[in-house]
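Working notes, structure below.
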Amino acid sequence: MNIESELHMIAGDGETSYAKNSRLQEKAMVEIKPVLKVVTREIYTDLLSRRMVIVDLGCSSGPNTLHFISEVISTISRHCNELGQSQDNLELQFFLNDLPGNDFNNLFGLFEQFKKLTATKHMGETLPPYYISGSPGSYYTRLFPRQSVHLFHSLFCLQWRSQSPKGLEGTRKTHTDGGDIYITSTSSPSTVKLFQKQFQKDFSLFLKLRYEELVFGGQMVLTFIGRKKEDVHSGEPNQFYGLLAQSLQSLVDEGLVEKEKLESFYIPIYSPSVHEVEEIVKQNGSFYVNHIQLFELNWDPYDDSESDVLHDSVQSGANVAKCLRAVMESLVASHFGDSIIDTLFTEYARRVAKHLKKEKTKHAVIVLSMKKVL
Ligand SMILES: C[S@@+](CC[C@H](N)C(=O)[O-])C[C@H]1O[C@@H](n2cnc3c(N)ncnc32)[C@H](O)[C@@H]1O
């Protein structure tokens with residue numbers, strides 16, 4: 001599976017598009033705002049730079065990246081005012097990065113409206129001039145010149161691996177895990193190790209590359225889906241993708257998907273624990289972690305309640321399926337073909353509804369801010 005050419009969120013702004021189905025990520029953005037504010041203010045104060053370069057890695061094609069830009073502009077502008085400093089000569093350069101298959105056109109189409117809304121929201125205030133550009137490419141490669149970036153931000157991306165772990169075909173595919181697409185309670189130790197190794201390799205590379213691109217004192221705010229428990233065999237991600245595996249298996253049973261096709265499909269994702277993340281940052285040794293925290297979000301992006309009671313499991317199942325489809329459709333379609341997509345996500349919605357009726361489940365999300373110190 002080639003992630004660079006096969007992964008993209010559903011383009012455009014139609015019913016199934018990522019732009020219309022990214023409320024889960026929007027809720028995460030709201031949750032991390034306090035961290036982002038602290039980091040943005042610190043960068044402005046520490047670096048005293050009149051030209052700040054700010055990057056959103058894995059921006060996708062929906063409005064969340066614009067919420068991020070808006071937050072940074074407002075924070076810097078307010079901070080300047082609080083310090084009684086002029087915003088003269090201050091300039092903000094934003095780069096929006098994603099894989100080349102991302103629908104940058106849809107995103108660029110939102111810019112004009114965003115600029116108008118920002119001007120209206122800050123009517124009567126002076127805002128620093130800001131410039132927005134697209135930057136296609138994988139963040140597992142170098143994207144920017146040496147020591148040129150002040151702030152990297154990435155929301156709901158770093159659970160994605162650069163590729164499915166190599167060698168899985170030889171390790172799993174016993175009669176118990178033939179249909180697994182991610183780690184499950186019955187995965188063999190060698191399967192788990194391959195997923196973990198891929199995560200360690202990717203995340204170490206990511207840190208090394210960003211280290212080269214950050215100025216000294218530059219910072220990163222990284223938010224991604226992790227897992228709450230240390231036990232890699234059980235937890236929310238296993239259930240979430242396990243239900244997708246079961247849905248695919250039911251299509252095999254109906255003769256709509258070939259068994260061999262399912263047996264060669266693994267999702268290029270790994271959701272680490274906080275401890276696993278800390279270990280890799282420690283090994284890298286070039287960053288100081290200011291903040292690391294785990295928070296939870298209901299699987300159903302439209303369920304804002306804190307309670308364990310679910311009001312409408314069928315509706316919640318449909319909401320979760322729409323959210324996952326906007327993210328996964330391109331990968332699933334390139335492996336199994338377009339024709340199964342509707343059936344698969346209808347089945348997934350049904351299985352999620354059944355699961356949530358028994359147990360309201362949440363995603364565990366890790367937010368981490370760190371500073372380049374060496
Ligand atoms: C779930 S979306 C999140 C998008 C956006 N940050 C938001 O919060 O709405 C994950 C994004 O990460 C991007 N992505 C995954 N792997 C990537 C990589 N190696 N380089 C750049 N972008 C990547 C995907 O293309 C996708 O747009």
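Remember, it's 1-based here, ligands and their atoms both numbered in the order they're listed.
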Original post:
Within 45 degrees of the axis of the six-membered ring of Y288 and under 6.0 Å from its centre: does K371 put its NZ or CZ there?
Top reply: no
Original post:
Centre of F152's six-membered ring, under 6.0 Å away, within 45 degrees of the axis: is that where NZ or CZ of R210 sits?
Top reply: yes
**OP:** Compute the centroid of each ring, for Y266 and then for Y182, and state whether the two points are separated by less than 6.0 Å.
**Re:** no
Original post:
Hey, do the aromatic rings of F265 and F336 have their centres closer than 6.0 Å?
Top reply: yes
Original post:
Counting only heavy atoms not in Q147, do more than 12 fall under 6.0 Å of its CD?
Top reply: yes
Original post:
Which one of Y18, Y139, Y140, W160 has a non-hydrogen atom at the shortest distance from atom 2 (S) of ligand 1?
Top reply: Y18
State whether the shortest distance between N or O atoms of [X] and N or O atoms of ligand 1 falls below 3.5 angstrom.
X	result
H8	no
N64	yes
C157	no

Starting from [atom], what is the nearest protein heavy atom, named by residue and atom, and what distance separates them?
atom	answer
atom 19 (N) of ligand 1	S138 OG, 3.0 Å
atom 10 (C) of ligand 1	F156 O, 3.4 Å
atom 24 (C) of ligand 1	D98 OD1, 3.5 Å
atom 5 (C) of ligand 1	G58 O, 3.3 Å

Original post:
Out of curiosity, is L7 lining ligand 1, as in a heavy atom under 4.0 Å away?
Top reply: yes
Original post:
Contact between C59 and ligand 1, counting heavy atoms under 4.0 Å?
Top reply: yes
Which of the numbered atoms in ligand 1 are below 4.0 angstrom from a heavy atom of [X]?
X	answer
L155	3 (C), 5 (C), 6 (N), 8 (O)
G137	20 (N), 21 (C)
N97	21 (C)
M9	2 (S), 24 (C), 26 (C), 27 (O)

**OP:** Tell me, with the steps shown, if D304 and K27 meet salt bridge (Lys or Arg N to Asp or Glu O under 4.0 Å).
**Re:** CA-CA 9 Å; D304 296 337; K27 282 167 75 174; 2.9 Å; yes
Subject >> Contact check, side chains of Q249 and V252, non-hydrogen atoms, under 4.5 Å >> reply: yes
Subject >> Verdict with supporting geometry, F94 and Y131, ring-ring contact (aromatic ring centres under 6.0 Å, His included) >> reply: CA-CA 6 Å; F94 290 92; Y131 308 91; 9.6 Å; no
Subject >> Residue that, paired with L344, satisfies side-chain contact (heavy atoms from CB on, under 4.5 Å) out of V257, L256, L248 >> reply: L248
